[in-house]
Amino acid sequence: YLREVECLGQDSCYSLAFGVPAALMLCAIIFFFCGKKSYRVNKPEDNVIVESLKCMKHAITRRKLKKKGDHWLDTTSDRFTPIFISNLKAVLRVGLLFLPYPMFWALYDQQGSRWVLQATKMNGNTFGLTILPDQMQVLNPILILIMIPLFDRGIYPLLQKCRMLTTPLQKIVTGGFLVSVSFLMSALVEVAIKRAEDNSVHLMWLLPQYITISAGEILFSITSLEFAYSQAPNSMKAFTQVEELLLTCRGIYVYSLKF
C-alpha cells in the first residue's frame with residue numbers, strides 16, 4: 001500500500017515503502033539496547049565455533065590414524081578434551097536434521113517470485129478494493145502468527161490423542177509433504193489461469209497454497225530447529241545455529257541462481 005502513495009512528484013513512493021520498515025527496525029534496536037540492563041548476559045569463555053572448526057580440521061589431518069570402529073573425531077584426543085569431542089559429535093549428529101533445508105528454502109522463497117508472477121495474471125478486485133500481486137506475500141507472516149498458537153494448543157494435542165505426528169521426525173516429514181502439496185496447488189491454479197480468460201481467475205484462489213505452505217513451514221522448519229536446539233549440548237547451541245543458517249543460506253543461493 002505504501003508504495004502506491006504519491007511522493008516526490010511520482011505516482012509511486014518506494015522510498016516510503018522501504019523507509020517505514022527501516023524506521024521500525026531502528027526503533028527495535030533502540031528498545032533492545034534500552035532493555036539491555038534487564039538481560040542476563042553470560043560472557044563466553046571460548047569461541048566454540050572456531051574451536052569446533054579446529055577440531056574437525058585436526059581430525060581430517062589425522063584421518064590415517066583412525067582405528068576401525070572409532071569415530072573420525074576420536075583422533076583429536078591429543079589436543080581436545082573428551083567432553084568437547086563428545087559434544088561436537090552430538091551437535092554434528094543433530095545437524096543432519098538440517099540437510100533438507102536448502103531444498104526447503106529454495107522452494108519456500110518462490111513466494112516472492114513465481115507466486116507473485118502468477119498473481120499478476122489474476123483478478124485482485126476484492127470487495128471494492130484492489131489487492132496487488134506482491135501484497136499477497138503478507139499472507140504468510142499473518143498465517144504463521146495465527147497458526148503457531150493454533151498448532152500448539154489445538155492441532156498438536158488433538159493429533160497426539162489420535163497417536164499421529166507424535167515425534168519430531170513425523171512432523172518434519174509431514175511438513176515437507178505439505179510444502180510439496182502447496183506447489184501442486186499452485187500448478188493447478190496455473191492450469192486454470194491458462195484455460196480462462198485474462199485476469200478472470202480471482203486472486204483468492206492462491207489462499208489455499210499459502211495456508212498449506214505456512215502449515216508446512218511450522219511442521220518442517222520450526223520443529224526441526226526446535227528439536228535440534230533442544231538436543232544440542234549447552235556449549236554447542238551456537239554451533240547448531242551456524243549449521244541451520246549456513247544451510248538456509250545455501251537454499252537461498254540455489255533459489256537465486258534459478259530465479
Side-chain angles (χ1 to χ4, degrees), residues 21 25 28 49 52 90-116 118-119 134-160 162 164-187 189 206-234 236-259:
M25 288 298 297
I49 297 174
S52 298
V91 79
L92 290 177
R93 285 194 299 268
V94 169
L96 293 176
L97 283 173
F98 297 132
L99 290 180
Y101 260 50
M103 181 61 69
F104 172 81
W105 289 111
L107 292 173
Y108 179 87
D109 284 340
Q110 291 191 42
Q111 293 180 82
S113 59
R114 292 296 185 184
W115 287 13
V116 173
Q118 187 177 51
D134 56 342
Q135 291 176 340
M136 289 296 291
Q137 297 177 81
V138 77
L139 282 175
N140 178 250
I142 292 175
L143 289 169
I144 291 296
L145 292 175
I146 294 173
M147 295 173 73
I148 287 177
L150 181 62
F151 268 78
D152 288 340
R153 299 183 181 181
I155 296 177
Y156 284 154
L158 179 61
L159 290 175
Q160 287 180 354
C162 300
M164 298 173 62
L165 300 186
T166 56
T167 66
L169 183 58
Q170 291 175 349
K171 295 177 182 178
I172 293 169
V173 173
T174 304
F177 174 75
L178 288 179
V179 172
S180 302
V181 170
S182 70
F183 281 91
L184 177 60
M185 292 177 176
S186 179
V189 171
L206 296 178
L207 186 59
Q209 65 197 53
Y210 275 98
I211 294 175
T212 305
I213 199 171
S214 298
E217 180 184 2
I218 292 172
L219 288 166
F220 183 92
S221 179
I222 296 178
T223 301
S224 58
L225 181 58
E226 179 184 10
F227 178 74
Y229 194 77
S230 64
Q231 295 299 309
N234 290 332
M236 290 288 184
K237 294 190 183 297
F239 193 86
T240 302
Q241 290 289 98
V242 170
E243 290 178 314
E244 187 264 340
L245 292 173
L246 282 175
L247 289 173
T248 299
C249 179
R250 178 62 178 173
I252 296 173
Y253 174 71
V254 171
Y255 159 80
S256 66
L257 287 179
K258 188 168 182 60
F259 304 105

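Numbers here are sequence positions counted from 1.
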Taking atom [atom1] of [X] and atom [atom2] of [Y], what is their separation to the nearest 0.5 Å?
X	Y	atom1	atom2	value
Ile172	Glu226	CD1	CD	10.0 Å
Ile211	Met185	CD1	CE	8.5 Å
Ile213	Leu143	CD1	CG	11.0 Å
Ile49	Gln241	CD1	CD	9.5 Å

Could you tell me whether a side-chain N or O of [X] sits under 3.5 Å from a main-chain N or O of [Y], the two making a donor and an acceptor?
X	Y	result
Gln170	Thr166	yes
Thr248	Glu244	yes
Ser180	Gly176	yes

Is any side-chain heavy atom of [Y] closer than 4.5 Å to one of [X]?
X	Y	answer
Phe183	Trp115	yes
Leu184	Gln209	no
Leu158	Ile155	no
Pro100	Phe220	yes
Ile218	Thr223	no
Tyr210	Gln111	yes

Which heavy atom of [X] sits nearest to which heavy atom of [Y], and what is that distance?
X	Y	result
Trp105	Ser221	CZ2-OG, 3.7 Å
Thr212	Leu178	CG2-O, 3.2 Å
Leu206	Ala119	CD1-CB, 3.7 Å
Phe98	Leu247	O-CD1, 3.0 Å
Thr240	Ala232	OG1-CB, 3.2 Å
Pro233	Val91	CD-N, 4.4 Å

Residue pair Leu99, Leu96: steps toward the side-chain contact (heavy atoms from CB on, under 4.5 Å) verdict:
CA-CA 5 Å; Leu99 290 180; Leu96 293 176; 3.8 Å; yes
Intermediate values then yes/no, side-chain contact (heavy atoms from CB on, under 4.5 Å), Ser186 and Gln110
CA-CA 11 Å; Ser186 179; Gln110 291 191 42; over 6 Å; no
Heavy-atom count check: over 12 atoms from other residues, nucleotides or ligands less than 6.0 Å from Gln137 CD?
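Result for CD/Gln137: enclosed.
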For Met147, I'd like to know if atom CE has over 12 heavy atoms of other residues, nucleotides or ligands within 6.0 Å.
yes
Under the criterion side chain to side chain contact (heavy atoms under 4.5 Å, CB included), which of Ile148, Ile144, Val179 is the partner of Ser214?
Ile144
Start with the C-alpha gap between Glu243 and Val94, add the side-chain angles, then the distance that decides, and say whether side-chain contact (heavy atoms from CB on, under 4.5 Å) holds.
CA-CA 10 Å; Glu243 290 178 314; Val94 169; 5.6 Å; no
Cation-pi check, Lys171 onto Tyr156 ring (under 6.0 Å, within 45° of axis)
yes
With a cut-off of under 6.0 Å to the ring centre and 45° to the axis, is Lys237 in cation-pi contact with Tyr229?
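Here Lys237 passes the 6.0 Å and 45° test against Tyr229.
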Under a 3.5 Å cutoff, is there a donor and acceptor pairing between the side chains of Ser224 and Tyr101?
yes
Before you tell me yes or no, could you show the steps for Tyr108 and Asn140 under side-chain contact (heavy atoms from CB on, under 4.5 Å), namely the whole-Å CA-CA distance, both residues' side-chain angles and the distance that decides it to 0.1 Å?
CA-CA 11 Å; Tyr108 179 87; Asn140 178 250; 2.5 Å; yes
